[in-house]
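Lettering follows sequence order; numbering is per chain, from 1.
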Amino acid sequence: MGAPDVSELQTFEHDVLVIGAGGAGLRAAIEASGRGMNTGLVCKSLLGKAHTVMAEGGMAAALGFTDARDNWKVHFRDTMRGGKFLNQWRMAELHAKEAPQRVKELEEWGAVFDRTDKGLIHQRNFGGHRYPRLAHVGDRTGLELIRTLQDHGVHQGIQVHMECTVLDLLKDGDRVVGALGYWRETGRFVLFKAKAVVLASGGVGKAWRVTSNSWEYTGDGLAMAYLAGAELMDLEFTQFHPTGMVWPPSVRGTLVTEGVRGDGGILKNSEGKRFMFGYIPERFAAETADTEEEANRWLKGDKAARRPPELLTRDVVARAINREVKDGRGSPHGGVFLDIASRLPAEQIKRKLPSMYHQFKELAEVDITTDPMEVGPTLHYHMGGIKVDHDSQMTTVPGLFAAGECAAGLHGANRLGGNSLSDLIVFGKRAGEYASEYAKENGAGKVNDDQVVACLRRATDFLNREEGPNPFVVQENLQAIMNDHVGIIREGAELSAGLEKLAEWKQEAEKAKAHSASQYNAGWHTALDLRNLAIAAESITRAALMREESRGAHTRSDFEGEQEEWGKYNIFVWRGDDGEMKIERRERPEPPKGLKEIGYAKIEDLESGKVGADVE
Amino acid sequence: MATRTFKVWRGDKDGGEFKEYSVEVQPGMVVLDGIHRIQAEHSSDLAVRWNCKAGKCGSCSMEINGKPRLGCMTRLNSLPEGTVTVQPLKTFPLIKDLVTDVSWNFEQNKRIPPVKLKPRDADGNYRMMQEDIDRVQEFRKCIECFLCQDVCHVLRDHHKHDHFVGPRFMIRLAQLEMHPLDTVDRVPAMRKEFGSGWCNITRCCTEVCPEHIQITDNGIIPMKERVVDRYYDPIAWFLKKVFGGSKA
């Protein structure tokens, strides 16, 4: 194939280009369009199918409808504690303050949340949240969020580019000025020129074998931002959701919502013991029930009782399950039992958890109204990602913004359930807002044709070469490496060995061969995603090796427990001028005094107003 | 290890044929797993849409042994012994293999007037009682798999895409019309632009809905009734005949 002519490429010009059409991308596009921007929204799949659709439990917002004691300060404190104080303080503050108005706005756009008996939005209990805080619709809240944004968004003049995968960001000097992609349907390339670009491309779960993530989650945003010169941060913090399905093999990893535990579900080992009482960390001991009797009283609404240990943060519960299984007290297929059947009447289970009921009935032939589920940890979410400015969501590259899972900072070392959907709408909106400002101030840049040509060459090479490994098999090989070396419990030597394997694997990935033509060619699509997976996997593994402590979702068997020293640092990764991956830890700035006091306050002092009363 | 033969449609708009593949069967395997094994072991360019693999996104719609179903929710052991036949949705134009062009559905959605709520209460909140939204929430369970659109004979056999929006968008309309706080009147459009009269209640759509939404009984019939009440009220018809009139 000769040198392609860039001027003949199909080209779209936008003020703001949003890459990714889950909750964050849709919200960003709605915001930009509402501010008069010519806005393009690129979806890797069909509109409305992005990963947000899979979120189940709810979105956290201190509306105070179900329990009037809730407010942004308690939500903020919960988020910081859940993140083991490695979160960006300002982002946690903005999130807690702005989530309620973002949720109410969704209602205006057509979302129909479950109601309290007074007709207000009902809020559900979830791990790590002191009060019932999650606005929800049964156990299909993500669907409600994405459909609401989609149905609202299609009337806002946004140009939606469906089934289009972006290959690379394009730069003019330091600044991002567009992106090159291809239509999945035809395999033809497409050029997007934009004054500002928002990445909302999600995570990188597909680097693992056992994951709740779909094929789309290949770290595209992370890798493209990295290659464009952006810094990545907190990558070592990969969340293993405690409850994924473990049987049958076909669905291993598929998510079982935390809502099951929020609604009273309990975890038991093969001896029938409710084992979570043995895993309560010191930090949460004062706010967690230590007897079954007290936990049951809490469930019945006794406000004096403390929360059941099944609702500890995800990192704690996932490690506990892992330990029970390793010590030989697991279920027949290598998980533990999650029991809702003995806790709620069958009709209530079907009403509160309809999609879990169907999922188990149809995929595992288990009736959750009579039998316990078998569950175990599954790679679910990345706290880390692209470093962004707290307020504007701009990355370290001018003109490039990021929001949602691909951005870092809000969740620190561990994300609370329900904080993801609220993250999407709070920071999706902010990214759209500030990207619009940037576009207005800076105007259009110039696309570099050489960069486009290099990008086209890389893409077509997979098709043009004579032979090479099957891209699907190459991807499975990566998943094996990450599952074996960068799992829920990590160890220095294993991580180092993993890095060596990744380097070898990268050579294999570069040689992958996509057969036949480029029209809707799944093999080619998979081959193109491998580079992104490689960058993400390597940076995650390097960060995991560097952090010599156990904090939140990052657990090192050779460095147990949190080390005070490490609490002062975030780890950053970027691409050096020599093209090599660079990594360093950087000291965290001192937080504002008022926020710090709230974050570390005793709950009684915060609620009595002894602490934090003067913070607005 | 047991194996199963998959007969999969391979081709594009210019034509194609069924091809057979042998796939190793694991416990609990679903049809979509079989398609993935074919991609990894036989034919990496086999085109299929999928995302969540848990019945939540509605991407992997296909016709399995002649029936519109989700590939990710169809267990092999639920199908009769023997060859599994997999082909694309028939109602929409073929792109390649198991992937069809469903963009028509997205165009229909855009035509539907969006929600416009009454003002908020004085405290800035909206109030709705749960019993008033149960039905609305039933329709909002829709995952847009378009299996109902595929099986609807008005679209599938009679190709009335220009006259009828299909069951998916009838329940979208129903959900908006039944929203307790919505203020928009979509009944005239339902009759004219969206063609509610075309549905003759064969309930095929309800049968294939993977979310078990009662599309026909709870959604389409009540909407048809609203149209009838508005336009075909016998007393109004009689008065109009006698005294004349130009309404509707």
Side-chain angles (χ1 to χ4, degrees), chain A residues 45-51 53-54 65 104 107-110 112 114-115 117-120 122 137-138 140 142-144 147 151-152 154-155 160 162 185 214-216 247-251 254-255 354-355 358-359 362-364 470-473 476 514-517 519-524 526, chain B residues 12 26-30 33 36 39-41 43-59 72-73 75 95-97 99 101-103 106 109-110 112 114-115 117 120 124-130 132-133 136-137 140-144 172 175-176 179 182 210-212:
Chain A
S45 290
L46 296 172
L47 184 61
K49 309 296 184 194
H51 223 284
V53 88
M54 288 204 68
F65 289 157
K104 289 183 184 179
E107 259 192 319
E108 198 172 309
W109 296 346
V112 184
D114 288 355
R115 316 309 290 183
D117 53 12
K118 293 193 176 69
L120 296 164
H122 183 264
V137 183
R140 55 160 191 86
L143 173 65
E144 189 70 14
R147 199 67 80 232
D151 288 341
H152 179 69
V154 296
H155 296 287
V160 180
M162 289 204 289
E185 179 181 336
S214 83
W215 68 270
E216 291 191 295
W247 186 260
S250 153
V251 291
T254 298
L255 189 64
S355 96
H358 284 293
Q359 186 173 311
E362 287 173 35
L363 295 174
N470 179 321
F472 290 100
V473 176
E476 284 173 14
H515 288 274
S516 75
Q519 286 90 350
Y520 222 112
N521 183 336
W524 186 49
T526 301
Chain B
D12 56 25
Q26 281 198 321
M29 199 160 171
V30 294
D33 290 320
H36 286 158
Q39 287 180 326
E41 289 160 20
S43 184
S44 66
D45 65 333
L46 169 58
V48 63
R49 276 197 190 104
W50 71 284
N51 279 55
C52 76
K53 210 175 167 292
K56 293 189 171 64
C57 74
S59 299
C72 72
M73 295 301 278
R75 283 171 65 122
I95 293 174
K96 187 185 155 197
D97 303 337
V99 174
D101 179 357
V102 292
S103 57
F106 290 88
N109 192 34
K110 232 174 156 167
I112 294 176
V115 71
L117 298 194
R120 294 171 187 273
N125 295 316
Y126 289 118
R127 282 177 177 74
M128 298 182 264
M129 300 314 285
Q130 184 64 43
D132 296 332
I133 58 164
V136 176
Q137 289 186 325
R140 290 184 69 83
K141 287 196 302 191
C142 171
I143 57 174
E144 295 203 326
R172 165 94 180 115
Q175 168 242 302
L176 288 161
H179 192 302
D182 181 62
E211 288 293 311
H212 310 291

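Side chain of Asp45(B) to backbone of Ser516(A): no donor-acceptor contact under 3.5 angstrom is found.
Only the side chain of Gln26(B) comes within contact range of chain A, with at least one heavy atom under 4.5 Å from a heavy atom of that chain. Proximity to chain A (any heavy atom under 4.5 Å) is shown, for Leu176(B), by neither the backbone nor the side chain. Both the backbone and the side chain of Tyr126(B) come within contact range of chain A, each with at least one heavy atom under 4.5 Å from a heavy atom of that chain. Contact of Val112(A) with chain B is made through backbone and side chain together, with heavy-atom distances under 4.5 Å. Interface residue His212(B): only side-chain heavy atoms are found under 4.5 Å from chain A. Interface residue Val48(B): only backbone heavy atoms are found under 4.5 Å from chain A. With a 4.5 Å cut-off on non-hydrogen atoms, Arg75(B) touches chain A through its side chain but not through its backbone. Of the atoms belonging to Asp33(B), it is side-chain heavy atoms, and not backbone ones, that fall under 4.5 Å from chain A. With a threshold of 4.5 angstrom between heavy atoms, Val30(B) approaches chain A through its backbone and through its side chain.
Lys56(B) is linked by a salt bridge (charged side-chain N to carboxylate O under 4.0 Å, His left out) to Glu56(A), counting only residues two or more places apart in sequence or in another chain. Evaluation of the salt bridge (charged side-chain N to carboxylate O under 4.0 Å, His left out) rule for Arg120(B) yields Glu108(A) as partners, not counting sequence neighbours.
With no hydrogens or angles considered, a side-chain donor-acceptor pair links Gln137(B) and Asp114(A) at under 3.5 Å.
Between chain B and the residues Ser355(A), Ser214(A), Ala514(A), Ala517(A), the largest count of heavy-atom pairs under 4.5 Å involves Ser214(A).
Of the inter-residue distances, the one linking Lys96(B) atom NZ with Glu185(A) atom CD reads 11.5 Å to the nearest 0.5 angstrom.
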